[in-house]
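A short write-up of the structure that comes next.
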Protein chains: 2
Amino acid sequence: MPAPSAPPGERTWSIAEVAEEFGVTHRTVRHYEELGLLTPQRRGTTRVYHRRDRTRLALVLRGRRLGFPLEEIRTIIDLYDAPRGRRSQLEYVLAQIDDRRADLEQRRRDLEAALAELDGFERRCREDLARLG
Amino acid sequence: MPAPSAPPGERTWSIAEVAEEFGVTHRTVRHYEELGLLTPQRRGTTRVYHRRDRTRLALVLRGRRLGFPLEEIRTIIDLYDAPRGRRSQLEYVLAQIDDRRADLEQRRRDLEAALAELDGFERRCREDLARLG
DNA sequence: CTTTACGTTGACGTCAACGTCAAGGACCAC
DNA sequence: GTGGTCCTTGACGTTGACGTCAACGTAAAG
């Protein structure tokens with residue numbers, strides 16, 4: 001059963017399909033649900049994934065590639081869905097955004113430094129190689 | 001005993017000093033030694049850290065901030081110290097460099113995407129805020 | 001000489017992020 | 001019916017990266 005496309009015309013996916021598509025195991029998908037990172041619909045007892053779930057999963061996996069702990073990832077993507085009706089809420093969200101940005105920019109500096117070192121190292125290696133030529 | 005600066009005039013450090021300076025615990029420093037990331041000298045039974053160890057520790061911590069597993073970090077920084085006398089060795093090292101660069105550039109893409117999203121989200125939040133007067 | 005500070009080596013504990021069964025329900029094909 | 005495929009919920013195992021003792025050595029300070 002490759003997941004029904006029943007009432008609102010919107011396509012949905014089974015757990016096996018999303019796992020396959022994103023290159024993770026169904027256990028991983030379930031784990032993310034346990035942590036509140038995903039909240040698929042249920043058709044009876046079976047999980048039904050919508051576009052929204054795929055979007056969130058993509059965000060989770062990107063955060064994972066960047067080395068963030070899942071708990072932290074949750075607070076971030078929850079931020080995107082947070083209510084922003086009142087001024088105080090908006091100001092809180094904006095403060096969080098600043099924190100996140102500072103973190104990401106530190107990582108960017110680390111990343112650029114690592115890449116620069118790698119470049120320098122490659123140059124030296126190529127010079128060594130040329131000398132052996 | 002803030003570590004002796006005995007024969008070659010080069011300053012050295014105790015485990016407490018390097019831990020302090022890099023903002024980690026001595027347990028962490030020992031753990032890194034167990035994994036072969038650091039190889040301090042011994043004066044009797046006591047560890048003595050040289051500039052080289054500090055350099056490596058800095059690399060390790062940067063790798064850690066970037067979310068790399070310690071084992072992977074070890075293979076990378078060992079690469080920097082690897083023998084490159086023979087052509088085959090150099091070619092191996094250059095291949096490894098390419099692998100590493102590909103990984104780092106994927107991370108950079110993820111990072112840029114995350115920052116871009118954050119920027120867009122902040123703009124929307126600021127617009128919401130403006131609408132609230 | 002005893003205390004205090006810092007060092008050492010095990011060895012077990014913990015937490016995150018899953019892996020890996022086990023046992024069973026639901027539905028289709030034959 | 002039986003089998004096969006995909007789904008479910010536990011629940012225990014594992015790995016990485018340390019934390020946290022315990023038990024002990026050593027060397028300067030009182």
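Throughout, protein chains are lettered first and strands after them, A, B, ... in sequence-line order, and every chain is numbered starting at 1.
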- [ ] Kindly point out which of dA17(C), dT8(C), dA17(D) is positioned nearest to the side chain of Arg42(B)?
- [x] dT8(C)

Task: Of the listed nucleotides dC18(D), dA17(D), dG7(C), the one nearest the side chain of Arg64(B) - done: dC18(D)

Open item on the list: Without decimals, in angstroms, what is the distance between Glu17(A) CD and dC6(D) P?
Closed with: 11 Å

TODO: Describe the nucleic acid contact of Arg30(A) in one word from base, sugar-phosphate, nothing, applying a heavy-atom distance below 4.0 Å.
DONE: base

- [ ] Classify the side chain of Arg27(B) versus the base of dT20(D) as yes if they form a donor-acceptor pair under 3.5 Å and no if they do not.
- [x] yes

TODO: Please determine if a side-chain N or O atom of Ser14(A) lies less than 4.0 Å away from the OP1 or OP2 oxygen of dC6(D).
DONE: no

- [ ] Calculate the interatomic distance between Leu38(B) atom CG and dA17(D) atom C1'; express it in whole Å.
- [x] 14 Å

Task: Separation of dA17(D) P from Leu66(B) CG (nearest whole Å) - done: 14 Å

- [ ] Identify, between Glu33(B) and Tyr32(A), the residue whose nearest nucleotide on DNA chain C lies closer to the 5' end.
- [x] Glu33(B)

Task: Length of the CG-C1' vector between Leu61(B) and dA17(D), whole Å - done: 13 Å

Open item on the list: Distance check needed: dG16(D) P versus Glu72(B) CD, whole Å only.
Closed with: 12 Å

Task: Residue whose closest nucleotide on DNA chain D lies nearer the 5' end, His26(B) versus His31(B) - done: His31(B)

Task: Which atom of Leu37(A) lies closest to which atom of Leu70(A), heavy atoms considered - done: CD2-O, 3.9 Å

Task: Phosphate-side-chain proximity, Thr25(B) and dG19(D), N/O vs OP1/OP2 below 4.0 Å - done: yes

Open item on the list: Rounded to whole Å, how long is the line connecting atom CZ of Arg65(B) with atom C1' of dA17(D)?
Closed with: 17 Å

- [ ] Measure from the side-chain heavy atoms of Thr28(A) and tell me the nearest of dG19(C), dA17(D), dG7(C).
- [x] dG19(C)

TODO: Could you tell me whether Arg87(B) sits above the aromatic face of Tyr92(B), with NZ or CZ closer than 6.0 angstrom to the six-membered ring centre and within 45 degrees of the axis?
DONE: no

TODO: Find the distance between CD (Glu33(B)) and CG (Leu57(B)) and round it off to the nearest 0.5 Å.
DONE: 11.5 Å

Open item on the list: Both Thr45(B) and Glu71(B) contact DNA chain D. Which one's nearest nucleotide lies toward the 5' end?
Closed with: Glu71(B)

Task: Distance in angstrom units between Phe22(A) CZ and dC18(C) P, rounded - done: 15 Å

TODO: For Arg107(B) and Leu111(A), indicate whether the former's side chain and the latter's backbone hold a donor-acceptor pair under 3.5 Å.
DONE: no

TODO: Could you go through the side-chain hydrogen bond (donor to acceptor under 3.5 Å, both in side chains) check for Tyr32(B) and Arg64(B) one step at a time?
DONE: CA-CA 12 Å; Tyr32(B) 292 170; Arg64(B) 191 180 74 163; 3.3 Å; yes

TODO: Nearest whole angstrom, please: distance from the C1' of dG16(D) to the CZ of Arg74(B).
DONE: 14 Å

